[in-house]
Amino acid sequence: MKKDLEAIHLYWIENCTCELKKTANQAVKGHGNPKADIVFIGEAPGQKEDETGVPFVGSAGKFLDEMLSTIKLKREDIYITNIVKYRPPKNRDPLPEEKSACREWLYEELKSISPKLIVFLGRHSMNDFFPDLKISTAHGKLIHKKFSDFPVEYFLPLYHPAAALYNGSMRETLMKDFKKIPSILNKIEQIK
Ligand code: URA
């Protein structure tokens with residue numbers, strides 16, 4: 001039986017053993033449509049997210065919203081979360097043990113939503129599932145892989161919007177890759 005998303009968040013807010021809990025203001029749980037076809041996974045909350053408790057509300061989030069609107073989607077249509085739910089001090093990269101501590105929370109979220117497609121925002125979330133891939137070659141290419149006891153088989157790595165925001169060529173690549181999402185989803189729906 002699928003677990004209720006809010007129950008999952010409540011459980012893990014109480015029980016997550018991530019050390020980042022000690023320095024962050026609050027947990028930034030996943031946000032959006034619990035029945036979404038697409039789940040976006042980022043890296044970790046930044047300052048704005050730590051203040052508001054909502055993922056992707058800073059400058060990277062605004063850029064993400066712009067890209068969503070180019071494919072006629074809104075936040076309410078998708079679900080967005082992060083591999084770690086607490087802001088790392090000074091926005092440093094999350095440590096392996098911090099990612100491990102938050103992993104079960106992420107998997108439970110994903111199993112509850114069971115989307116058709118997972119979009120990785122950046123190398124950190126991609127490498128959590130596919131440790132050997134490089135974002136510079138994997139971006140924009142659909143991956144099909146069946147993991148045991150996991151409902152999602154299709155994955156699309158993209159550059160992280162924060163990395164691409166002020167880098168002209170990466171920004172263009174990200175926007176181009178992003179526009180592939182509707183046709184990729186269509187393809188998945190036809191296979192299923
Ligand atoms: N970057 C992320 O990876 N996640 C957020 O929530 C905000 C910025």
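Note that ligands are numbered from 1 as they come in the structure, with each ligand's atoms numbered from 1 the same way. The structure presented is a predicted model; accordingly, all values stated were derived computationally and were not measured.
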T137 side chain to K134 main-chain N or O, any donor-acceptor pair under 3.5 Å? yes
Should the pair F129 and F147 be assigned to parallel (<30°), tilted (30 to 60°) or perpendicular (>60°) ring geometry? perpendicular
Is it true that atom CD of E189 has more than 12 heavy atoms of other residues, nucleotides or ligands lying nearer than 6.0 Å? yes
Would you tell me whether Y86 and E98 have side-chain atoms, one donor and one acceptor, within less than 3.5 Å of each other? no
Report yes or no: does D77 contribute a side-chain atom to a donor-acceptor pair with the main-chain N or O of K74 at less than 3.5 Å? yes
Dump the pairs for me: ligand 1 N or O, protein N or O, distance under 3.5 Å, to 0.1 Å.
from	atom 1	to	atom 2	distance (Å)
ligand 1	1 (N)	H160	NE2	3.4
ligand 1	3 (O)	E43	N	2.8
ligand 1	3 (O)	A44	N	3.4
ligand 1	3 (O)	N82	OD1	3.4
ligand 1	3 (O)	H160	NE2	2.8
ligand 1	4 (N)	A44	O	3.0
ligand 1	4 (N)	N82	OD1	2.8
ligand 1	6 (O)	F56	N	3.1
ligand 1	6 (O)	N82	ND2	2.9

If the plane angle is over 60° it's perpendicular, under 30° parallel, otherwise tilted; pick one for Y159 and H139. parallel
